[in-house]
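A note on names: the letters A, B, ... follow the listed sequences, proteins ahead of strands, and every chain is numbered from 1. This is a predicted model, so every value here is computed, not measured. Atoms considered below: every heavy atom in the structure, side chains included; atoms not considered: hydrogens, waters and symmetry mates.
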There are 2 protein chains.
Amino acid sequence: MKEELCECTVIHKETVEKVKSNMLSDELIFDVAELFKIFGDSTRMKILCALKMSELCVCDIAYITNSTQSAISHQLRILKQSKLIRSRKEGKVVYYSLADDHVEKIFEIGCEHIEEI
Amino acid sequence: MKEELCECTVIHKETVEKVKSNMLSDELIFDVAELFKIFGDSTRMKILCALKMSELCVCDIAYITNSTQSAISHQLRILKQSKLIRSRKEGKVVYYSLADDHVEKIFEIGCEHIEEI
DNA sequence: TTAATATATGAACAATTATTCATATGAAGG
DNA sequence: CCTTCATATGAATAATTGTTCATATATTAA
């Protein structure tokens with residue numbers, strides 16, 4: 001990220017070296033941050049909240065979330081690319097649903113945290 | 001969010017009304033999205049990852065995360081405002097640590113999800 | 001084939017945000 | 001008091017991103 005380090009003295013050498021050597025890889029941290037980024041948008045959270053209850057088509061989701069078909073379609077694409085939802089086509093209609101229980105779990109742990117504050 | 005609704009026919013009236021009436025409040029969804037937004041940045045995730053192991057001062061964190069003092073200081077402020085970390089001052093040095101177990105839990109569930117994909 | 005409907009998508013725009021740079025604050029020691 | 005060091009912060013910049021608008025694709029029905 002930076003080639004030049006902070007000019008501060010590293011104050012706690014032992015602790016710092018121990019922590020540094022036990023840090024998760026940049027790749028993993030990046031991927032996890034990207035995952036949470038997906039959850040970090042109200043529109044997408046509304047979509048997930050709705051899909052938690054039922055499989056729904058694009059048009060249903062747009063209505064439920066008070067959003068436009070286009071905006072929802074864009075967000076559904078992002079959610080699908082992130083493998084948080086999956087889709088099923090039936091004629092003209094595309095039905096979306098949550099990809100797995102993990103998604104629900106992350107959603108709920110977020111709610112819990114907010115409610116406990 | 002929008003005053004004008006999607007022009008699509010709502011295809012599944014019953015399901016849609018049921019889901020709509022059981023949606024979490026916009027406020028809660030907004031707050032949860034804001035929470036995940038905080039986790040949705042690599043620098044902040046690195047900070048949390050480091051603090052998960054030990055209480056650390058700004059300078060330590062900057063070194064561990066290969067970032068600058070200023071960048072870290074800005075991000076620490078955001079994390080603190082979100083009540084994900086807390087601080088303790090000792091002379092010139094400010095020590096930061098995770099605010100509670102929930103933070104750790106959210107962090108870990110994110111990692112689990114990534115590792116399982 | 002043509003019209004209608006559900007969904008997808010590209011480009012443009014506006015808004016948000018992370019980092020950098022310069023500088024301010026605040027505490028400790030001389 | 002003055003200097004040094006750790007941290008904080010304001011402004012500017014660059015990059016990312018969500019929505020909108022217009023339009024394309026694809027499927028069904030007439």
Return the nearest nucleotide to the side chain of [X]; candidates are [options].
X	options	value
B/K89	C/dG26, C/dT20, D/dT20	C/dG26
B/S70	C/dA27, C/dT7, D/dT9	D/dT9
B/T43	C/dA18, D/dT7, C/dT7	C/dA18
A/K92	D/dT28, C/dC21, C/dA8	D/dT28
B/V93	D/dA6, C/dT7, D/dA8	D/dA6

Any side-chain N or O of [X] under 4.0 Å from OP1/OP2 of [N]?
X	N	result
A/R77	C/dT9	yes
B/R44	C/dA18	yes
B/S73	D/dT7	no

Closer to the 5' end of DNA chain D via nearest nucleotide, is it B/C57 or A/D41? B/C57
So which one's nearest nucleotide on DNA chain D is more toward 5', A/Q75 or B/Y95? B/Y95
Could you state the [atom1]-[atom2] distance from [X] to [N], rounded to the nearest angstrom?
X	N	atom1	atom2	answer
B/Y63	D/dT7	OH	P	16 Å
B/I72	C/dT19	CD1	P	8 Å
B/L56	D/dT7	CG	C1'	15 Å
B/R88	D/dA6	CZ	C1'	15 Å
A/D60	C/dA6	CG	P	10 Å
A/I47	C/dT7	CD1	P	13 Å
A/F39	D/dG18	CZ	C1'	18 Å
B/E34	D/dG18	CD	P	12 Å

A/S25 side, atom OG; A/D31 side, atom CG - distance, nearest 0.5 Å: 8.0 Å
Using a heavy-atom cut-off of 4.0 Å across all strands, would you classify B/K37 as base, sugar-phosphate, or nothing? sugar-phosphate
What does A/Y96 touch in the nucleic acid at a heavy-atom separation under 4.0 angstrom: a base, only the sugar-phosphate, or nothing? sugar-phosphate
Between [X] and [Y], does at least one N-O distance fall below 4.0 Å, as a salt bridge requires?
X	Y	result
A/E17	A/K20	no
B/D26	A/K46	yes
B/E108	B/K105	no

For A/H74 and C/dT9, is the gap between ring centres under 5.5 Å while the planes differ by less than 30°? yes
Ignoring hydrogens and angles, tell me if any N or O in the side chain of B/R44 forms a donor-acceptor pair with the backbone of B/K37 under 3.5 Å. yes
Between B/S87 and B/K80, is there a side-chain donor-acceptor contact under 3.5 Å, judged purely by atom types and distance? yes
Classify the side chain of A/Q69 and the base of C/dA6 as holding, or not holding, a donor-acceptor pair under 3.5 Å. no
